[in-house]
Structure formats: structure tokens, C-alpha cells
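Worksheet: the structure to be examined is printed underneath.
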Amino acid sequence: QVQLVESGGGLVQPGGSLRLSCAASGNILSFFTMGWYRQAPGKQRELVAVRTSSGNRNYADSVKGRFTMSRDIAKNTVYLQMNSLKPEDTAVYLCYANFLRQDYWGQGTQVTVAS
């Protein structure tokens, strides 16, 4: 069983920055894939950024150049640095991991971009 706990969401003005954290209960090096999705009201869940165990990273086109995913192996934590935030980035951001062919999700953290 894997537990994922997000933190770092909040309200930010357009153009601002936030850093989300996702702390995992297991060794993140053992996860096949780990990353971030988001879901806005009335919209489908969409991929934001993921990293596979082979090191490949994928970012949604809408966040390329603005968002960066990183990790701290010693802390079993992944981060999502979000810069130049836009109102359309408003959503619940969910941490995701795939371990032993099972998908795991965090509870989500709200990010609201508004003036």
C-alpha cells in the first residue's frame, strides 16, 4: 500500500509561483511512474507532469516552460514548482504513483490563481 500526501496549494495571483510537495510512504525509486495530475471543476483529470523510472519526463503542453517537477529521494518526496501561474491553472492538483501495476492517488491540494 502506498500513501501520497500533497501540500503547498493555496491562492496566488496571476504571474505568481507555488511549489507543491508530495510525500510518499514508500521508496519512490521503486515506483514505475510518479507525477502530478490536475482536475478543474467540470473538466476531466489531466496530466501535468510525470516521471518514469527510466528518467523520462512528460509535461502537458500548457505548462511546459512554467512548471518543473523534481524529487528528493532521501525524503521520498516529489515537487512541482509552478511559475508564471495563470487563472486557467486553477484546479485540484493530485499526486500520482504507479507501483507494482497499481495506481495510487493523493487526496489533492487546491490551487487557485486569481486576483
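Every heavy atom of this structure was used, including side-chain atoms; hydrogens, water molecules and symmetry mates were not. All figures in this text were calculated on a predicted structure; none of them were measured in a lab. We count residues from 1, following the sequence as given.
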* Asked: Can you check whether Arg38's main-chain N or O pairs, donor with acceptor, with Glu46's side chain at less than 3.5 Å?
  -> no
* **Side-chain touch Met69/Tyr79, heavy atoms, less than 4.5 angstrom** => no
* To do: State, yes or no, whether a side-chain contact exists between Leu29 and Met34 at a heavy-atom distance under 4.5 Å.
  => no
* **Min side-chain heavy-atom separation Met82-Ser17 under 4.5 Å** => no
* Structure fact -> Residues Ala49 and Leu80: closest non-hydrogen pair is CB-CD1, 4.2 Å
* Backbone of Val113 reached by a side-chain donor or acceptor of Thr90 within 3.5 Å -> yes
* Could you go through the side-chain contact (heavy atoms from CB on, under 4.5 Å) check for Trp36 and Leu94 one step at a time? => CA-CA 6 Å; Trp36 295 90; Leu94 301 112; over 6 Å; no
* Asked: Please walk me through it: do Tyr104 and Asn98 pass side chain to side chain donor-acceptor pair (under 3.5 Å)?
  -> CA-CA 6 Å; Tyr104 295 91; Asn98 181 277; over 6 Å; no
* **Note, Phe99 side chain near Ile28 side chain (heavy atom, < 4.5 Å)** => no
* Side-chain donor/acceptor of Arg66 to backbone N/O of Ser84, under 3.5 Å -> yes
* Spacing of CZ belonging to Arg71 relative to OG belonging to Ser21, to within rounding of 0.5 Å -> 15.5 Å
* When the ring centroid of Tyr37 is compared with that of Trp105, is the distance short of 6.0 Å? -> yes
* Taking all non-hydrogen atoms of both residues into account, name the closest pair between Gly108 and Val92 and its distance. => CA-CG1, 3.8 Å
* **Spacing of Leu47 atom CG and Ser62 atom OG [to the nearest 0.5 Å]** => 9.5 Å
* Yes or no on side-chain contact (heavy atoms from CB on, under 4.5 Å) for Val111 and Leu18, after CA distance, side-chain angles and deciding distance? -> CA-CA 9 Å; Val111 172; Leu18 280 175; 3.9 Å; yes
* Asked: Should Asp89 and Lys86 count as an ion pair when the cut-off is N to O under 4.0 Å?
  -> no
* **Check: Asp72/Thr77 side-chain N/O donor and acceptor closer than 3.5 Å** => no
* CD of Gln3: more than 12 outside heavy atoms within 6.0 angstrom? -> no
* Asked: Which atom names give the shortest non-hydrogen contact between Asn56 and Ser54, and what distance separates them?
  -> ND2-OG, 3.2 Å
* Should Val48 and Tyr59 be marked as a side-chain contact (heavy atoms from CB on, under 4.5 Å) after you check the CA-CA gap, both sets of side-chain angles, and the distance that decides it? -> CA-CA 6 Å; Val48 177; Tyr59 291 91; 5.9 Å; no
* Is it possible for you to say whether Val78 and Tyr96 belong to one hydrophobic cluster, with membership spreading through side-chain heavy-atom contacts below 4.5 Å? => no
* **Nearest-0.5 Å distance, OG of residue Ser7 to CD of residue Gln107** => 8.5 Å
* More than 12 heavy atoms from other groups under 6.0 Å of CD on Glu88 -> yes
